Amino acid sequence: MAWILRLVEAGADGEGQCTDVMKIVRPDDLGEIGNLGLTLTEAKLLLAAVQQEVVAAQARDHAVRRPDCRSCGAACQVKDYRQHGIATLFGQVTVRLPRFRCAACGAIEAGHSWPSHGRSTPELDQLQAHLSALMTYRVARDVLEQMLPVDAGKSHETLRRHTLQLGAQLQDRPVDKPATPAATISISVDSTFVRSCEDGERHLEVRVGNVETEAGGRQVFGAVARSDTDLVALIGRKLDAVGRTEATTLTGFTDGCPGLRSILASAGVITPPILDWFHIAMRLQHLEQIAGGLSTDDPVRMEAKTVIVAEVDRLRWRLWNGKAKDAQISIERIREVMHAFQSEPAGRRSGVPSRKLWTALHALNGYLLGQSDWTVNYAARHHAGLRVGTAITEGTANFLVNRRMSKSQQMRWTRRGADLLLQVRCAVYNGTLGSSFGQRFQAANDSHPLLAIAA
Ligand SMILES: [Zn+2]
């Protein structure tokens with residue numbers, strides 16, 4: 001079977017003008033399921049062909065317009081023509097557009113407001129940036145090329161350049177303040193590292209966080225330390241974006257790093273920040289896993305393991321109920337029975353469990369000694385309906401950074417590259433990039449946040 005795809009222009013002047021765009025030939029035999037409908041290759045050709053026709057018609061229409069001079073208001077005349085090569089989502093197009101000169105005052109008029117060095121449509125730039133925020137530049141390029149007739153700007157370097165440009169532009173966008181002010185806002189900051197490719201530095205410190213209102217409004221943010229992004233100013237913008245007013249109660253959560261505490265203080269979080277339960281829970285989970293792996297090859301060890309597992313559980317209870325000072329009791333009880341595991345055989349891959357338990361216990365003890373002033377009664381907060389930490393259950397740092405920027409150990413980043421990509425990544429999740437797909441969070445207070453996310 002064969003079809004001719006024909007575009008018929010509708011509208012005042014060109015009414016009824018027809019253009020044959022493409023001939024589609026498909027087998028009429030449906031013996032093979034692969035014969036059903038259009039193929040991806042045909043769909044890409046079709047989109048590209050329609051794009052060429054639409055652009056050509058738009059250019060014809062535009063070329064006969066004669067703008068008025070912006071300086072004196074007199075009529076303009078055509079000065080010359082310029083070719084514009086523009087990459088679009090549906091292929092590269094070339095547009096020939098006139099430039100104008102005012103007949104009265106001689107001023108030059110472009111007749112359009114395109115960016116002077118623009119070589120691509122904003123929609124293409126945005127989709128490139130969006131995909132690049134979620135996957136590597138090379139994979140993003142491959143996905144675009146697979147799905148769409150994109151035939152310009154195909155190098156992953158171009159994708160990177162466009163994405164970082166957009167990241168830089170995001171910082172100058174005005175904040176959309178929500179209509180409803182927020183009574184309380186929880187703000188958490190956390191830090192992580194990505195590998196650096198800059199001279200003399202192995203790692204770049206990345207600070208990330210999120211602000212949340214009681215109504216479910218949420219924004220994530222991030223900045224690479226000592227980059228052009230001012231984290232304190234960024235936090236201020238995010239607080240405004242979820243409805244901070246002078247009457248808003250701010251509660252801060254950190255991973256315990258003193259540097260982050262002072263950043264929160266500079267951003268206007270006056271009350272001392274709370275140690276995020278997420279970070280305690282992660283350490284306890286690690287401890288539980290190791291305790292569960294202890295060997296039980298004799299009755300003494302079996303009994304000791306029972307004591308340890310129970311005591312780790314009690315430790316969780318103590319910390320959850322704000323009794324961090326009593327953590328020592330649990331740690332001491334575990335130490336008392338650990339001699340049962342002397343000369344414990346090593347696991348096939350995992351090493352000696354009791355030695356790992358010893359190390360983990362020592363690390364937790366040090367952590368709690370340093371952080372106990374910042375722990376609270378998490379159980380009481382939870383029962384009162386208050387936050388005990390970030391609502392991103394895997395941790396903001398892992399959610400924002402590790403998935404894209406450090407899972408693959410080969411990835412090395414420049415300070416600027418990591419920082420600007422992070423701006424795009426945050427914008428994707430916040431729904432502020434401009435495209436709506438990929439959005440995870442409500443930008444502001446919403447009466448039906450869950451419904452909106454499900455839709
Ligand atoms: Zn003029």
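We count ligands from 1, going down the list as the structure has it; atoms in each ligand are counted the same way. Because the structure is predicted, anything quoted here is derived from the model rather than measured.
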Visitor: Are the side chain of N430 and the backbone of T432 linked by a donor-acceptor contact shorter than 3.5 Å?
Guide: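 Not at all, since once roles are kept as given, no pair shorter than 3.5 Å links the two residues.
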
Visitor: Does the cation-pi check pass for R99 over Y81, that is, NZ or CZ under 6.0 Å from the six-membered ring centre and within 45° of its axis?
Guide: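 Judged by the rule (NZ or CZ under 6.0 Å from the ring centre, within 45° of its axis), R99 is not positioned above Y81.
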
Visitor: Do the side chains of R316 and E288 get close enough for a salt bridge, i.e. N-O under 4.0 angstrom?
Guide: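 Salt bridge flag = yes for E288 with R316.
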
Visitor: The Zn ion (ligand 1) to C76: any N/O/S contact under 2.8 Å?
Guide: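 No, C76 does not qualify, because none of its backbone or side-chain N, O or S atoms lies under 2.8 Å.
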
Visitor: Taking the Zn ion (ligand 1) as the vertex, how big is the angle to SG in C69 and SG in C102, rounded to 10°?
Guide: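 SG of C69 and SG of C102 make an angle of 110° at the Zn ion (ligand 1), to the nearest 10°.
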
Visitor: When you draw lines from the Zn ion (ligand 1) to SG of C105 and to SG of C72, what angle lies between them, to the nearest 10°?
Guide: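 The two atoms form an angle at the metal of about 120°.
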
Visitor: Is it the case that over 12 heavy atoms from other parts of the model lie below 6.0 angstrom from the CZ atom of R66?
Guide: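 It does: R66 CZ has more than 12 such atoms within range.
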
